[in-house]
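Read through the structure below, which is laid out as structure tokens, and then see the notes.
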Amino acid sequence: MIYVSYNLKQYQKYAYDIIKSKDNVVELGCHIGNTTKQISRLAEDGTVYAYDNSPEAVKPMHKLQKHQQNIIFQKKDVRNPETLNNQLKYKDKINTLCIDLGGGYHPDTVFKVFFIWSSILKPENTILRNNGLLDFIQNTTYTEKTGSQKGYLETSAKHVTTKSLNELKKYSNKL
């Protein structure tokens, strides 16, 4: 299932409701680790792969890693195909993908990152935090039904590769 929120408390509640002790979680946009800390406690017997490209994230995340042994933090740009390829080397089944990028802005970039990462990782659940995406969803009318019940878009994920992230270089220098 895919969950979308902008409210931080709701985003964290989704994590609390979904993540189980043996789950492996990828968190894109971990910032200084406030939500990461909660996720690592929920997935105490799993692994939390946390990514953020911000220099402000490095010191607090390294400190958090020392106390929460199940966190693997990397200062990487998640729009870079190499970052996703490196994640695939871990070979863990990812149960939940958490995405909190762009500070509520850049819904186009956030959606593209979600689409590619989730299509490759195929998580059971995805939690997205982005105001622009939430606004879009709440103002959308549709008549067709799709069958996606997973944390990715099953109907369109089969042709996605990590190289699809290269397309983002054209549109977004900063996130």
Side-chain angles (χ1 to χ4, degrees), residues 1-54 57 60-61 64-65 67-74 76 78-79 83-84 87 90 92-142 145-157 160 175:
M1 187 61 72
I2 301 166
Y3 302 84
V4 182
S5 175
Y6 181 61
N7 179 284
L8 180 59
K9 295 289 185 202
Q10 182 61 51
Y11 177 77
Q12 293 170 337
K13 183 180 182 320
Y14 286 144
Y16 182 80
D17 291 345
I18 295 166
I19 298 170
K20 297 168 190 66
S21 67
K22 293 183 180 182
D23 283 358
N24 295 308
V25 179
V26 169
E27 183 186 20
L28 308 179
C30 62
H31 313 290
I32 61 171
N34 293 333
T35 301
T36 313
K37 187 177 192 177
Q38 294 175 25
I39 291 170
S40 73
R41 288 179 178 159
L42 293 169
E44 62 188 348
D45 297 320
T47 303
V48 179
Y49 300 95
Y51 295 89
D52 203 290
N53 200 33
S54 168
M61 286 303 297
L64 183 58
Q65 266 185 298
H67 300 313
Q68 306 290 124
Q69 300 297 312
N70 64 337
I71 296 173
I72 297 173
F73 168 70
Q74 295 186 52
K76 301 270 186 189
V78 300
R79 299 167 299 171
T83 304
L84 180 51
Q87 174 62 44
Y90 289 109
D92 285 334
K93 165 70 176 126
I94 301 304
N95 305 94
T96 303
L97 174 62
C98 298
I99 304 174
D100 183 2
L101 298 173
Y105 303 101
H106 313 290
D108 53 335
T109 301
V110 173
F111 182 81
K112 187 73 170 181
V113 167
F114 150 73
F115 180 66
I116 295 166
W117 278 72
S118 68
S119 293
I120 300 292
L121 298 177
K122 296 185 176 28
E124 296 165 20
N125 295 293
T126 296
I127 308 169
L128 289 157
R129 180 171 180 256
N130 186 273
N131 198 39
L133 286 179
L134 185 62
D135 188 28
F136 174 79
I137 292 165
Q138 290 177 342
N139 289 291
T140 301
T141 301
Y142 58 92
K145 298 277 186 193
T146 63
S148 296
Q149 294 298 312
K150 302 285 185 182
Y152 61 99
L153 303 178
E154 296 173 84
T155 57
S156 52
V160 176
L175 186 60

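For clarity, every value in this text was computed on a predicted model and none was experimentally measured. Residues: numbered from 1 along the sequence shown.
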Atom CG in Leu97, atom CD1 in Ile127: separation rounded to 0.5 Å? 9.0 Å
Nearest 0.5 Å, please: how far is CE in Met61 from OG in Ser54? 11.5 Å
Find out whether Ile116 and Leu84 are in side-chain contact, i.e. whether some heavy atom of one side chain is under 4.5 Å from a heavy atom of the other. yes
Return yes if some donor-acceptor pair links the side-chain N/O of Asn70 with the main-chain N/O of Ser40 below 3.5 Å, else return no. yes
NZ of Lys37: more than 12 outside heavy atoms within 6.0 angstrom? no
Side chain of Asp23, backbone of Val25: donor and acceptor closer than 3.5 Å? no
Has the side chain of Asn139 got a donor or acceptor atom that lies under 3.5 Å from a matching backbone atom of Phe136? no
Take Glu27 and Thr36, measure what side-chain hydrogen bond (donor to acceptor under 3.5 Å, both in side chains) needs, and give me the verdict at the end. CA-CA 7 Å; Glu27 183 186 20; Thr36 313; 2.5 Å; yes
Do the side chains of Arg129 and Ile99 get nearer than 4.5 Å, heavy atoms only? no
Can you establish whether the number of heavy atoms outside Lys93 located under 6.0 Å from its atom NZ is more than 12? yes
Within a strict 4.5 Å, meaning less than it, do heavy atoms of the Gln87 and Ile94 side chains meet? yes
Sorted by first residue and then second, give each ring pair (Phe, Tyr, Trp, His ring centres under 6.0 Å) pair with at least one member in residues 10-50; sequence neighbours left out. Tyr3-Tyr14, Tyr49-Tyr90
To check you understand the geometry: which heavy-atom pair defines the closest contact between Ile39 and Cys98, and what is its length? CD1-SG, 3.9 Å
Quick one: which of Asn34, Asn7, Thr35 gives a side chain to side chain donor-acceptor pair (under 3.5 Å) with Gln12? Thr35
Any idea which heavy atoms bring Asn131 and Tyr6 closest together, and the distance? N-CD1, 3.3 Å
Is the shortest distance from a Lys or Arg side-chain nitrogen in Lys112 or Asp108 to a carboxylate oxygen in the other one below 4.0 Å? no
Nearest atoms (heavy-atom pairs only) where Gly151 meets Ser118: O-CB, 3.6 Å
Ignoring hydrogens, what is the shortest heavy-atom contact between Tyr152 and Ser119? Give both atom names and the distance. CB-N, 4.2 Å
Asn125 side-chain N/O to Met1 backbone N/O, donor-acceptor pair under 3.5 Å: yes
For a quick test of reading the model, state the closest non-hydrogen atom pair linking Leu42 to Ala15 and the distance between them. CD1-O, 3.5 Å
Between Trp117 (side chain only) and Arg79 (backbone N and O only), is there a donor and an acceptor less than 3.5 Å apart? no
Apply side chain to side chain contact (heavy atoms under 4.5 Å, CB included) to residues Thr126 and Thr96 and explain how you reach the verdict. CA-CA 6 Å; Thr126 296; Thr96 303; over 6 Å; no
